[in-house]
Amino acid sequence: MTAHPVPLRAGAAQAPGAASDPVIRLQAVQKTFQLPDGQRFDAVRSVSLDIAPGDVFGLIGKSGAGKSTLLRLINLLERPDAGQVLVGGRDLTALSRKELRETRQNIGMIFQQFNLLQNATVFENVAFPLRIHGRNARAEIDARVRECLALVGLEEKIHSYPAQLSGGQKQRVAIARALAPRPQVLLCDEPTSALDSETTQSILDTLREINQKIGVTIVIVTHELSVVEALCRHVAVVEQGRVVEQFAVREAGAERVTVLGRELDALVRRRVREAALDLELAQEAAQLPAALRVAGGAAHV
Ligand SMILES: Nc1ncnc2c1ncn2[C@@H]1O[C@H](COP(=O)(O)OP(=O)(O)OP(=O)(O)O)[C@@H](O)[C@H]1O
Ligand SMILES: [Mg+2]
């Protein structure tokens with residue numbers, strides 16, 4: 001067995017005849033959550049989606065639309081109730097637990113809140129996915145960790161702990177960790193939402209460089225138009241659990257891009273408005289005497 005059981009396949013994916021094979025194929029995937037009150041909620045409704053190798057694919061839409069659920073279906077963090085999830089041609093829904101664990105090495109993931117191991121150094125965080133499979137020799141792990149930290153420009157922090165890093169540096173560690181097993185796919189759930197705009201730009205630059213350098217396919221959930229503009233080649237708009245529209249950002253004519261921009265802007269504005277309204281309502285509710293906070297109570301004031 002090699003040090004890295006899942007080889008980088010970007011080169012193979014670009015071979016003649018393979019270029020059109022999607023690296024990710026969702027076929028009529030469906031996810032329904034059982035709510036505590038016994039009701040059921042369809043978070044993802046019969047979504048079919050093809051994502052080409054090497055693409056940077058954005059999933060956008062308002063809060064609660066189902067973006068994160070859709071993303072988590074790609075590595076089976078959420079198991080679909082119906083439909084198929086194919087990554088690198090393998091149907092993940094048909095794999096045993098052991099096979100799924102192996103295959104997940106092919107799919108890295110990063111999150112808004114970084115999700116680093118707080119009591120472990122940067123080195124140990126990045127080495128973690130290489131250690132859990134126990135097949136890699138110490139020297140190989142050491143070399144791969146350094147290689148990945150170089151990719152994200154963070155070699156000098158190798159012995160630091162997460163608490164000693166800035167938000168942007170933490171996200172770089174998370175990217176290095178996700179890339180360590182040489183995945184074909186990198187899933188990103190709002191990776192820059194917790195960062196200021198300057199740091200956001202530098203993380204987006206890093207993701208773009210990584211995509212260009214090693215050909216890893218990036219799927220990114222975002223509600224930020226700047227992320228779409230800076231990074232994405234294709235975009236799917238998610239609304240109430242469905243993909244309602246798809247765009248090729250750069251290939252679209254200038255007119256289409258303007259329309260796309262307006263649509264995204266509208267989505268973002270709507271989200272900001274809703275968030276502001278939620279906050280306002282929460283603040284108003286907090287000022288009401290407790291006895292009046294029951295449903296309908298306020299109507300009698
Ligand atoms: N484990 C769960 N149990 C019940 N309902 C869930 C669960 N996870 C998600 N949902 C619901 O599914 C819907 C879609 O959630 P999801 O997190 O995918 O939305 P999102 O588009 O990522 O939103 P946001 O932009 O706020 O992150 C929401 O209505 C959410 O409440
Ligand atoms: Mg989400």
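Order of listing sets the numbers, starting from 1, for every ligand and every atom in it.
At most 12 heavy atoms of other shown residues, nucleotides or ligands fall within 6.0 angstrom of atom CD in Q240. The local environment of CD in E156 is crowded, with over 12 non-hydrogen atoms from other residues, nucleotides or ligands closer than 6.0 Å. Within 6.0 Å of atom CZ in F128, 12 or fewer heavy atoms from other residues, nucleotides or ligands are found, so the atom counts as exposed in its surroundings.
When the heavy-atom distances from atom 27 (O) of ligand 1 to A43, G241, S68 are ranked, the shortest goes to S68.
Counting atoms of ligand 1 from 1 in the listed order, those under 4.0 Å from a heavy atom of F41 are 12 (O), 13 (C), 29 (O). Close contacts of ligand 1 with E190, meaning ligand atoms under 4.0 Å from a residue heavy atom, involve 25 (O). Close approach to K62 involves these atoms of ligand 1, each under 4.0 Å from a residue heavy atom: 21 (O).
Below the 2.8 Å limit, the Mg ion (ligand 2) has as protein N, O or S neighbours S68 OG.
At a 3.5 angstrom cut-off on N or O pairs, L35 does not count as close to ligand 1. Where the criterion is an N or O separation shorter than 3.5 Å, residue side chain and backbone included, Q34 fails it with respect to ligand 1. Taking only nitrogen or oxygen atoms, main chain and side chain alike, T69 reaches within less than 3.5 Å of ligand 1.
No hydrogens or angles considered: nothing links the side chains of D81 and Q30 as a donor-acceptor pair under 3.5 Å. A side-chain N or O of H223 and one of E190 form a donor-acceptor pair less than 3.5 Å apart.
Within the 4.0 Å heavy-atom cutoff, R72 does not count among the residues contacting ligand 1. For G66, the heavy-atom gap to ligand 1 drops under 4.0 angstrom.
In summary, R146 and D142 engage in a salt bridge, as defined by a charged side-chain N under 4.0 Å from a carboxylate O.
Nearest approach of S68 to V221, heavy atoms of both residues: N-CG2, 4.5 Å.
Looking only at distances, a side-chain donor or acceptor of K67 sits under 3.5 Å from a matching main-chain atom of K62. With hydrogens and angles disregarded, no donor-acceptor distance shorter than 3.5 Å links the side chain of N115 to the backbone of I110.
In summary, of the residues considered (Q246, H234, R25), a side-chain contact (heavy atoms from CB on, under 4.5 Å) with L49 occurs for Q246 alone.
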